[in-house]
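Both counts, for ligands and for their atoms, begin at 1 and track the order of listing. Only this structure's heavy atoms are used, side chains among them; waters, hydrogens and symmetry mates stay out.
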Amino acid sequence: MRLTAEQLAWSVHGTPLLADVNLTVEPGQTFGLVGPNGSGKTSLLRLLAGLNKPKAGRVSIDSQPLHTLKQRAIAQSVALVEQQADTTDRITVHQVVSLGRTPFLSALRPWSTEDDAIVAQVLADVDMVHMADRLWHTLSGGERQRVHIARALAQQPKILLLDEPTNHLDIRHQLSILELVRQLPITVVISLHDLNQAMECDRIGVMDGGRLIDSGLPQDILTPNRLQQTFGVYAHVIDDPVDGKQVMRFHSAI
Ligand SMILES: Nc1ncnc2c1ncn2[C@@H]1O[C@H](COP(=O)(O)OP(=O)(O)O)[C@@H](O)[C@H]1O
Ligand SMILES: [Mg+2]
């Protein structure tokens, strides 16, 4: 599915927090969202998910404006993994992930073996099978994060929105989640702080002060100039001696 934002604006109690955001993510593309703390990444992802209502402009999936769709219909296509997601106590990992199937269930379409198979698959995808019966509140931050990603995957979304999904993860799980996300044949918007990880996206957008100030191919966007202007750091690019890939190193001063 194609995800489009047109002239998107959002404000809280009259204070503008996002303005003039125009964005198109083509079907199957992974779009990386980068920007300093407070630049508006979370606010934008919540607008794209239909959780915040735009003050102006609109979000569309394919050609359908989000505001014309019911929450359940949106949830059948769009899943969001929030930065600080919480779930009530006394619920197991398996139950949390099963909630991802909710948008598809009804009196006419009760829980089935197909749902069981989907839940089992996504638990395996995030390496949480061995913890399926654990209570949610006993998990570490990184384990919770993986469960939330599994819950979103259980929705089998056509558009997946991820807000700093690697934040609490150890390095092995960071790499496996990013690899998993890249391989999904769906449209993904992912906010990331690790700019080298962001370089692996198909396209990158830079948020600053509530605006999407630049977007395009990673190598055209994350230039030393941009890193200095927006992030206040100096970067130089080195070649990885093992695989020849270019890697950025960052410095607070030259
Ligand atoms: N509900 C809210 N009420 C007031 N201010 C908010 C609210 N949500 C976000 N903000 C402010 O909007 C700005 C952007 O926040 P956010 O979208 O969370 O940025 P990021 O995810 O890039 O760190 C910040 O200055 C934040 O304090
Ligand atoms: Mg955020």
Output side-chain donor-acceptor pairs under 3.5 Å for residues 216-227, partner residues at least two apart or in another chain, one line each.
residue, atom, partner, partner atom, Å
Thr223, OG1, Arg226, N, 3.2
Arg226, NH1, Thr230, OG1, 3.1
Arg226, NH2, Asp214, OD2, 3.3

If you look only at distance, which donor and acceptor atoms sit under 3.5 Å apart when one is on a side chain in residues 3-11 and the other is two or more places apart or in another chain?
residue, atom, partner, partner atom, Å
Glu6, OE2, Arg58, NE, 3.3
Gln7, OE1, Asn22, ND2, 2.7
Gln7, NE2, Asp20, OD1, 3.3

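Near-neighbour remark for the Mg ion (ligand 2): protein N, O or S atoms under 2.8 Å are Thr42 OG1, Gln83 OE1; waters not counted.
Heavy-atom contacts of Asn37 reach the following atoms of ligand 1: 23 (O) (cutoff under 4.0 Å). Atoms of ligand 1 found under 4.0 Å from any heavy atom of Pro36, numbered from 1 in the order shown, are 22 (O). Those atoms of ligand 1 that come under 4.0 Å of a heavy atom in Lys41, given as number and element, are 17 (O), 19 (O), 20 (P), 21 (O), 22 (O), 23 (O). Within ligand 1, counting atoms from 1 as listed, the ones closer than 4.0 Å to a heavy atom of Ser39 are 19 (O), 20 (P), 22 (O).
Backbone and side-chain nitrogen or oxygen atoms of Gly40 are examined, and one is located within less than 3.5 angstrom of a nitrogen or oxygen of ligand 1.
Here the shortest heavy-atom distance to atom 3 (N) of ligand 1, taken over Val12, Thr42, Leu47, belongs to Val12.
When the side chain to side chain donor-acceptor pair (under 3.5 Å) test is applied to Glu200, the partners found at least two apart in sequence or on another chain are Lys245.
Taking the six-membered ring for Trp and the full ring otherwise, His94 and Trp136 have centroids separated by 6.0 Å or more.
Using a 4.0 Å threshold on non-hydrogen atoms, atom 27 (O) of ligand 1 does not count as touching the protein.
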